[in-house]
Amino acid sequence: MIPTVKATISLGLIPSPDIPGIPKQGDDYSKLLAYSLYFYEAQRSGFLPKNNRVSWRHNSALDDGYYRGVNLTGGYYDAGDYVKFTLPLSWVLSLISWGAIEWFKGYELSNQTEYLREMVKWGTDWLIAAHPEPNHLCVQVGSSHLDNTYWGPDTNIPYPRPTYDINSTLHGTDVAAEAAAAFASSAILFRDFFNDTAYASILISHAINVYTFAENKTLQLSSKAIPGTFGYSTSTYTDKLVYGAIWLYKATNQTQYLDKAINYYNQFQLQDSLRIMSWDDHTGACNILFAQIYFRESRKNYTIWSGETERYLDTIMTNKSNCSLTNGGLLWCKGDSESASIPISLYGAFGFFMYSSYASTIEKANYYKNFASSQIDYLFGSNPMKMFYVVAVHPNSPKNPHHAGAHGGTNVGNMNDPPETMHSLYGAVVGGPNMNDSYHDSRADIVQSEVALDYNSAFQGIMAYYVINTYVPPSILDRPIKPTNSKPKISKPTNSNPVISNSSLSQHQKIVIIIVSLIVFLSLLISATIVYNKHKFCVRNNRNTSENFEHYEK
């Protein structure tokens, strides 16, 4: 049971700004969860609602899709620019929904449920509009080439803003299957947590149609259908077909989709993939989802999928894949981390935290939690640069994120004009350091300082997880909690029985929690003894006691 009163967690954050929804009091993980939701508001395109909290964001791109006969206003700008992409947005919506389904209590405890609902719906409303027909899906709005020639606010976005789509002629398996996962996962969130069955039904209908479209045409990547113009190119569509089918099964409970997922997994031999889970490769996410499903449904199949998942996770951690640790302790995966190291680390941490509750042993669960915690410690300053890789929330936060709207400048040839960022991009996760743990806080360094929708997707779910797991009994709330900056030691599994580690609790708090637990246990034991003695007394004095009780009395 989670107490209703929170502990005050101090990560050294700067005071919260006077923005609705950003907590002034409470633990810092709740604040960071709120900041992440604020960042997504800062990425909004289209007509902004009256409750818009981002003063420097304006109504923008109001005729997107118009010349193609489709209303594509709204949605989210992908990064520090003004292009909108269906593929990474779909991955973001599925990951945010997955984290919320698993750790919804974190949003409740932080009073962020309404902001979560608005954040997801802003994306799914646009995704619905981008799927006007069963065999038609818009995948990009705006030209990446033209957009890169502009640096300035959203009031002067360059035109034209072309629309690119896939259809019966130009097919893209990866983005269609990805969209199906987004529709299905968010449908579960709206149906089971927001009690909006009508909207969930619409989302499920789109999920079924776009997934049918994904697998019923010639299987190919979207980048092949739209060569030279598409901003995101995935490595393969195979994992997306599995991922989409899994979420359709979870949303509809129709076994045909689970069968499809397993058949595709085996057909494409995904068990051989050891890449870190990300927007480009979902194999790790699929392993975890299979284990979660069978954890509740089939002990035999759970054993199979937990074994597969743990083989995958253990390989990632023990440097037997393309992943290893930098000297500073950051998970670094060759081929992925070079373009955005912190988000890759966060994807890994998300997976380890997500699976830990379904691990085959407590020992494994602790092992995965400790590893994931070490990555969050790195994010929060336990790194050689002492950087807190979330913008505008800490004295050591990056000061110069690569974001045209937040910067306030208009000189595309000199992004240091002006030198200071005019608007605070609260809560944005940056790309992060290189493999030598070095970070240059330069606005022009698009690899290290850029922000993007997918960079925050795993971070937000992890913060909800941390909110839940940093609640402590009210009896110790009179003492501030100051987690140490030391990095937890990560060791290989042994045959011992480790104690679950929580880097957010002090030794004093752990002792108090143990004492409280012992008191509760002793109270229950005493109560049980009293009840038993009373019962025994009544039995002795009852003349109609059965022969079994007479024998017991003798």
Side-chain angles (χ1 to χ4, degrees), residues 46 64-65 68-76 84-98 100-101 116-141 163 165-217 219 222 237 240-261 263-264 282 286 289 293:
D64 279 354
R68 293 289 298 275
V70 183
N71 184 359
L72 294 176
T73 58
Y76 291 100
K84 298 187 290 193
F85 299 101
T86 298
L87 193 144
L89 172 63
S90 296
W91 163 248
V92 167
L93 291 173
S94 70
L95 206 67
I96 292 288
S97 296
W98 189 9
I101 291 167
L116 168 68
R117 190 191 70 82
E118 292 179 359
M119 178 260 150
V120 176
K121 194 171 187 296
W122 193 269
T124 52
D125 281 351
W126 186 84
L127 203 58
I128 289 171
H131 184 228
E133 299 174 0
N135 293 344
H136 180 195
L137 180 66
C138 301
V139 299
Q140 179 176 333
V141 180
T163 298
D165 52 25
I166 55 174
N167 48 50
S168 298
T169 303
L170 302 172
H171 191 242
T173 309
D174 51 350
V175 67
E178 189 78 71
F183 281 129
S185 57
S186 57
I188 297 172
L189 184 62
F190 279 95
R191 181 189 64 203
D192 297 350
F193 294 88
F194 295 128
N195 197 31
D196 193 341
T197 55
Y199 190 64
S201 295
I202 294 173
L203 294 171
I204 289 176
S205 177
H206 280 276
I208 292 173
N209 286 335
V210 78
Y211 189 82
T212 301
F213 172 51
E215 64 174 350
N216 280 357
K217 301 294 179 180
L219 303 182
S222 302
Y237 54 77
K240 283 77 173 176
L241 283 171
V242 177
Y243 190 66
I246 293 175
W247 278 113
L248 268 167
Y249 168 71
K250 289 172 71 68
T252 66
N253 203 34
Q254 295 181 20
T255 55
Q256 61 170 312
Y257 292 113
L258 184 58
D259 292 340
K260 284 178 182 290
N263 289 337
Y264 280 135
H282 303 351
C286 293
L289 284 165
I293 289 171

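- Annotation: the span from Arg68 atom CZ to Cys138 atom SG amounts to 7.0 Å, rounded to 0.5 Å.
- Lys84 and Gly74 make their closest contact through NZ-O, 2.8 Å (heavy atoms, listed as atom of the first residue, atom of the second, distance).
- Here Thr173 contributes atom OG1 and Ile166 contributes atom CD1; the two are 8.0 Å apart, rounded to the nearest 0.5 Å.
- Residues Ile188 and Ser97 have side chains not in contact (no heavy-atom distance under 4.5 Å, counting atoms from C-beta outward).
- One finds the OG1 atom of Thr252 at 10.0 Å from the CG atom of Leu258 (value rounded to the nearest 0.5 Å).
- Put simply, the side chain of Ser90 reaches to within 4.5 Å of the side chain of Leu127, judged on heavy atoms.
- For the pair Tyr237 (side chain) and Val175 (backbone), a donor-acceptor distance under 3.5 Å is absent.
- Sorted by first then second residue, the side chain to side chain donor-acceptor pair (under 3.5 Å) pairs that include residues 120-131, not counting sequence neighbours, are Lys121-Asp125, Thr124-Tyr199, Asp125-Tyr199, His131-His206.
- Nearest heavy-atom pair, Ala245 versus Lys260, reported as atom, atom and distance to 0.1 Å: CB-CB, 4.3 Å.
- The line from CZ of Phe193 to CD1 of Ile101 is 6.0 Å long, rounded to the nearest 0.5 Å.
- When side chains are defined from C-beta on, Val70 does not count as touching Asp64, because their heavy atoms never get closer than 4.5 Å.
- Here the closest heavy-atom approach between residue Ala251 and residue Ala184 is recorded as CB-O, 3.6 Å.
- A donor-acceptor contact shorter than 3.5 Å is absent between the side chain of Thr73 and the backbone of Gly46.
- Residues Glu178 and Leu87 approach most closely at CG-O, 3.7 Å, considering heavy atoms.
- Put simply, the side chain of Leu137 reaches to within 4.5 Å of the side chain of Val210, judged on heavy atoms.
- The two residues Thr163 and Gly65 make their nearest non-hydrogen contact at OG1-CA, 3.7 Å.
- Put simply, CD on Gln254 and CG on Asp259 are 11.5 Å apart, with the number rounded to the nearest 0.5 Å.
- A distance of 14.5 Å separates CH2 in Trp247 from OH in Tyr211, rounded to the nearest 0.5 Å.
- Residue Ala181 comes nearest to Gly244 through the heavy atom pair CB-CA, 4.0 Å, listed as atom of the first residue, atom of the second, then distance.
- Judged by distance alone, with hydrogens and angles left aside, the side-chain atoms of Lys240 form no donor-acceptor pair with the main-chain N or O of Ala214 at under 3.5 Å.
- Using a 4.5 Å cut-off on side-chain heavy atoms (C-beta onward), Ile96 and Leu116 make contact.
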Query - Tyr243 and Trp91: CA distance, side-chain angles, deciding distance, side-chain contact (heavy atoms from CB on, under 4.5 Å) verdict - result: CA-CA 10 Å; Tyr243 190 66; Trp91 163 248; 3.7 Å; yes
Report task. Take Glu215 and Leu241 through the side-chain contact (heavy atoms from CB on, under 4.5 Å) test and state the conclusion after the steps. Result -> CA-CA 8 Å; Glu215 64 174 350; Leu241 283 171; 4.2 Å; yes
Query - Verdict with reasoning, Asn135 to Thr212, per side-chain contact (heavy atoms from CB on, under 4.5 Å) - result: CA-CA 9 Å; Asn135 293 344; Thr212 301; over 6 Å; no
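- The closest donor-acceptor contact from the side chain of Ser205 to the backbone of Ser201 lies at 3.5 Å or more, if one exists at all.
- Sorted by first and then second residue, the side chain to side chain donor-acceptor pair (under 3.5 Å) pairs with a member in residues 182-196 form an empty list; sequence neighbours excluded.
- Inter-residue side-chain proximity for Arg117 and Phe190 is flagged as met; some heavy-atom pair is nearer than 4.5 Å.
- Residues Leu248 and Ile208 form a side-chain contact, since some pair of their non-hydrogen atoms from C-beta on lies under 4.5 Å apart.
- Phe213 has its ring centre less than 6.0 Å from the ring centre of His171.
- Using a 4.5 Å cut-off on side-chain heavy atoms (C-beta onward), Leu289 and Tyr249 make no contact.
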